[in-house]
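A short write-up of the structure that comes next.
Sequential numbering from 1 along the given sequence is applied to the chain's residues. Remember, it's 1-based here, ligands and their atoms both numbered in the order they're listed.
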Amino acid sequence: MKLFFPDTVYVNPKALNYECGLKAVEYLKNHNINIINSRSVSINEKSFIENYDKSKKTVFLTINSQKKLPSCKPSANYQFSLSSSCPGKCEYCYLQTTQGEKPYIKIFVNIEDILKVIQEHINKHLPDITTFECASITDPVALDHITGNLKRCIEFFSNSDHGRLRLVTKFDNVDSFLNIDHKRHTTFRFSLNSEYVINNFEKNTSSLKNRILAAKKVANSGYPIGFIIAPIMIYPNWKKEYKNLIENLSVAFKDYKDKISFELIQHRFTSTAKELILNRFPNTLLDLNEDKRQLKWGPYGKFKYIYTKDDSEEIKTYMSDLINKNFKNAVIEYFT
Ligand code: SF4
């Protein structure tokens, strides 16, 4: 996929205290991007939709002052962020709830501080291994050409005896990671879905075919790999389409003998997310009918609508059987 370049970049003066910030500004200037020095981002378009569109083309180069990392169950011990939001426009994105009406993209340049905080969290758990997720609120692969900080993280974890990194992406720009001596300390996962879900709801992301090609490249470079199938949706023909997905994937990875992890996540939404989604995508085909769902209390203090117990069971059984039938080396880590 073509590399993402924003229309406008706001630069927090604090970002210029870091070599990474200076280099990123230089790089963006060389690509003729409009640079504004400012402590804050100003987006005030005429409508909700225009604010969203403009936000997704706006970057704020700034710093991450987080000292205490949040936990990241069930996929890792902790999560940290090299950026927040992303160039993708997935209609269902769960960040609709947390990043509000103007989800402009923040890119954090103080990588030395971020790595120091990670090391402190590793030290707290010695001699155990501590795992970190870096894609909870962003897609770090989509933005790494601007700073190279994901590459730097992979190198950091490569040299760490007790820290392990996990990331997930919907983008195929993986070439810069292929020659890193990663020592298998970073697990690369690709977020996949049926053609229907990708084509209707995952705008501005790499195609299914290109994600699978990127996953093969990463696997051939020796990284542990995995797939997150999410959000799994029920719609007419869903079984056939997910069957195609898993069968095509098993053909692509027929010669790959190492473990492949699978994480399965059913579609869910909160009332706040529903309101934002309908404002942003008035013609969305997403099924947001609460009557067909049941409520579940979420970790962020909000109720979410998940599929009913019977539907959840059906998704779980159907997807698990498909994966186990097509992959001898699959480990299904969880269904949620
Ligand atoms: S790529 Fe991921 S983070 Fe970006 S909009 Fe899509 S779901 Fe959200």
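- Atom 8 (Fe) of ligand 1 has its closest protein heavy atom at Cys93 SG, 2.4 Å.
- Nearest non-hydrogen protein atom to atom 7 (S) of ligand 1 is Lys170 NZ, 3.5 Å.
- Contacts between Ile137 and ligand 1, counted as non-hydrogen atom pairs separated by less than 4.0 Å, are absent for every part of the residue.
- For ligand 1 and Gly88, the ligand atoms under 4.0 Å from any heavy atom of the residue are 5 (S).
- Cation-pi contact between Lys296 and Phe303: absent, since separation from the ring centre below 6.0 Å together with deviation from the ring axis within 45° is not met.
- No more than 12 heavy atoms of other residues, nucleotides or ligands sit less than 6.0 Å from atom CD of Glu275.
- Between the side chain of Arg280 and the backbone N or O of Asp53, no donor-acceptor pair lies under 3.5 Å.
- Phe188 pairs in a ring pair (Phe, Tyr, Trp, His ring centres under 6.0 Å) with only one of the listed residues (Phe157, Phe171, Tyr223), which is Tyr223.
- Inspection of the Glu133 and Ser75 side chains reveals an N or O donor paired with an N or O acceptor under 3.5 Å.
- Looking only at heavy atoms of the protein, atom 4 (Fe) of ligand 1 is closest to Cys86 SG, 2.1 Å.
- One distance of note links CG of Leu322 with NZ of Lys243; it measures 7.5 Å at 0.5 Å rounding.
- Counting only heavy atoms of the protein, atom 6 (Fe) of ligand 1 lies nearest to Cys90 SG, 2.3 Å.
- Listed by atom number, the atoms of ligand 1 under 4.0 Å from Leu95 heavy atoms are 3 (S).
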